[in-house]
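One structure is given below, encoded as structure tokens.
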Protein chains: 2
Amino acid sequence: MTIEQIEAKQRIFDAALRLFAMKGYSAVGVREIAREADVNISMISYYYGGKVGILRVIIEQFFDSYKQILKEIKGQNTSVEDSIYSIVASMVQFLKENPELCMVAFSELPYDEPEIADLKASKVPDMYQNVSWLITSHNIPMTDTRLISMIGPTLVGMVFNNFRLRKVIQKAFNVETDDEYDEMFIKVISTLFLSGIKGISERLINPEEDKNNENG
Amino acid sequence: MTIEQIEAKQRIFDAALRLFAMKGYSAVGVREIAREADVNISMISYYYGGKVGILRVIIEQFFDSYKQILKEIKGQNTSVEDSIYSIVASMVQFLKENPELCMVAFSELPYDEPEIADLKASKVPDMYQNVSWLITSHNIPMTDTRLISMIGPTLVGMVFNNFRLRKVIQKAFNVETDDEYDEMFIKVISTLFLSGIKGISERLINPEEDKNNENG
DNA sequence: ATAAAAATCAAACAAACGTTTGTCAAGTTT
DNA sequence: AAACTTGACAAACGTTTGTTTGATTTTTAT
């Protein structure tokens with residue numbers, strides 16, 4: 001492959017990713033992708049086997065990147081506070097660096113798309129199990145699987161949702177979502193989540209025995 | 001209109017809502033809707049002016065119902081704890097009673113859909129401003145608009161996200177999401193959020209002066 | 001009973017869909 | 001030099017898209 005040829009394949013991916021994020025996978029046509037990527041329509045099937053092939057690569061790439069990030073966080077064995085802060089910070093950084101990748105993967109996740117059902121089935125469980133590890137690996141006494149199934153996705157949901165609805169939020173609150181906003185967002189969400197799970201531990205799991213910890 | 005005619009229009013709406021929720025708006029064709037609703041294809045344009053007309057009704061209905069719920073909660077002026085609990089409980093109940101309506105509205109919200117841009121622009125701000133009221137109306141000293149813009153959508157995001165990804169969550173954690181699950185979910189999320197914003201108030205806004213409140 | 005209105009239908013519309021074909025030039029391998 | 005591979009292209013493939021038409025039935029109003 002020459003440099004220009006690599007660029008052709010990459011241009012298709014970039015254009016598709018941007019359009020999928022903007023309008024949703026099904027609302028984007030191959031001709032629109034080809035036009036934006038400045039390639040012939042047939043090149044999409046040539047390089048990706050079809051439109052759905054691009055979506056597959058997007059989702060694979062998302063999950064692999066995401067898994068990599070969580071693996072790095074697992075390496076640093078620190079306090080709960082630091083763990084949550086760095087997991088939120090990493091997620092925000094990941095979202096800032098790959099906003100469209102995240103949006104597409106996250107938006108298409110709940111839909112019945114038979115052609116990517118296998119991908120979802122194999123990759124999604126990892127995603128949440130890794131977040132749940134955060135809770136179980138520290139001395140937070142949460143053994144109920146249902147409880148973890150509520151809290152794990154919650155953290156992911158809080159962060160992703162803010163990015164997913166940024167345009168809407170900007171309009172509704174008339175705020176700028178700049179770097180300063182993101183730094184504040186990391187602090188706010190990690191504090192909210194940390195205080196939140198402590199509150200759950202104290203009030204819902206051990207309403208009595210942890211009172212000494214609260215004042216200690 | 002006879003009863004059967006009302007049913008025809010309603011059947012179109014029901015079928016479309018179900019299909020939109022399952023596959024996404026753009027992935028559903030009018031013939032599929034007509035087949036499921038057991039009506040002629042032309043009846044869709046006849047009653048709704050076109051496919052996008054159904055989506056408009058869905059989104060309008062969602063926001064109006066949602067606004068109504070929040071209005072009812074505003075009426076009961078109780079403690080922060082009760083307010084948050086009832087707001088979460090109402091959201092969960094609303095989601096349980098109108099899962100598809102919520103899913104469609106929520107999923108299509110971030111997309112560039114020129115034909116419903118006007119609807120979004122007029123209805124969305126209400127949605128979040130109403131959640132923010134919860135924070136400002138009680139004695140939680142949050143004046144920073146950016147902070148409210150982070151926390152307001154967070155609560156909505158936490159609850160909606162759990163429902164949006166229920167199928168995925170069920171598979172990943174092998175849990176049943178029955179009524180008991182939902183009751184627990186309400187307690188968990190409201191506790192998480194309540195403890196969370198208290199934590200933010202104590203640690204991020206007033207790191208010193210609120211220490212006496214914490215032990216009182 | 002008759003006229004008007006509303007609801008339903010089969011059929012067709014142009015446009016867009018994703019994919020495939022056959023051709024051709026450029027580069028690589030033998 | 002000949003055979004082969006790769007990337008790119010215009011063009012066409014058969015479907016499917018959302019919408020509209022005009023005729024027909026059903027319901028409502030006079």
How are the rings of B/Phe94 and B/Tyr66 set relative to one another: parallel (under 30°), tilted (30 to 60°) or perpendicular (over 60°)?
tilted
Rounded to whole Å, how long is the line connecting atom [atom1] of [X] with atom [atom2] of [N]?
X	N	atom1	atom2	result
A/Glu113	C/dG18	CD	P	12 Å
B/Asp38	C/dA7	CG	C1'	15 Å
B/Ile12	C/dA7	CD1	P	11 Å
A/Lys23	C/dA16	NZ	C1'	12 Å
A/Lys9	D/dA8	NZ	C1'	16 Å
B/Glu7	D/dT27	CD	P	13 Å

Exercise: identify the closest heavy-atom pair between A/Arg164 and B/Arg164
NH1-NH1, 4.0 Å
Polar-atom pairs under 3.5 Å, protein N or O versus N or O of nucleotides 19-24 of chain C: list them with distances, or write none.
| unit_1 | atom_1 | unit_2 | atom_2 | d |
| --- | --- | --- | --- | --- |
| C/dT19 | OP2 | A/Lys51 | N | 2.9 |

Over 12 foreign heavy atoms within 6.0 Å of CD, B/Glu115:
no
Has A/Ser190 got a side-chain atom pairing as donor or acceptor with A/Lys187's backbone, closer than 3.5 angstrom?
yes
Side chains of residues 12-29 of chain B: which donor-acceptor pairs under 3.5 Å do they make with residues two or more places apart or in other chains?
| unit_1 | atom_1 | unit_2 | atom_2 | d |
| --- | --- | --- | --- | --- |
| B/Asp14 | OD1 | B/Gln10 | NE2 | 3.1 |
| B/Arg18 | NH2 | B/Glu36 | OE1 | 2.4 |
| B/Lys23 | NZ | B/Glu32 | OE1 | 3.3 |
| B/Lys23 | NZ | B/Glu32 | OE2 | 3.0 |
| B/Tyr25 | OH | B/Val52 | N | 3.4 |

With sequence neighbours left out, the residues meeting ring-ring contact (aromatic ring centres under 6.0 Å, His included) with B/Phe106 are B/Phe160
When you measure from the side-chain N and O atoms of B/Tyr47 to the phosphate of C/dT8, is any distance below 4.0 Å, counting only OP1 and OP2?
yes
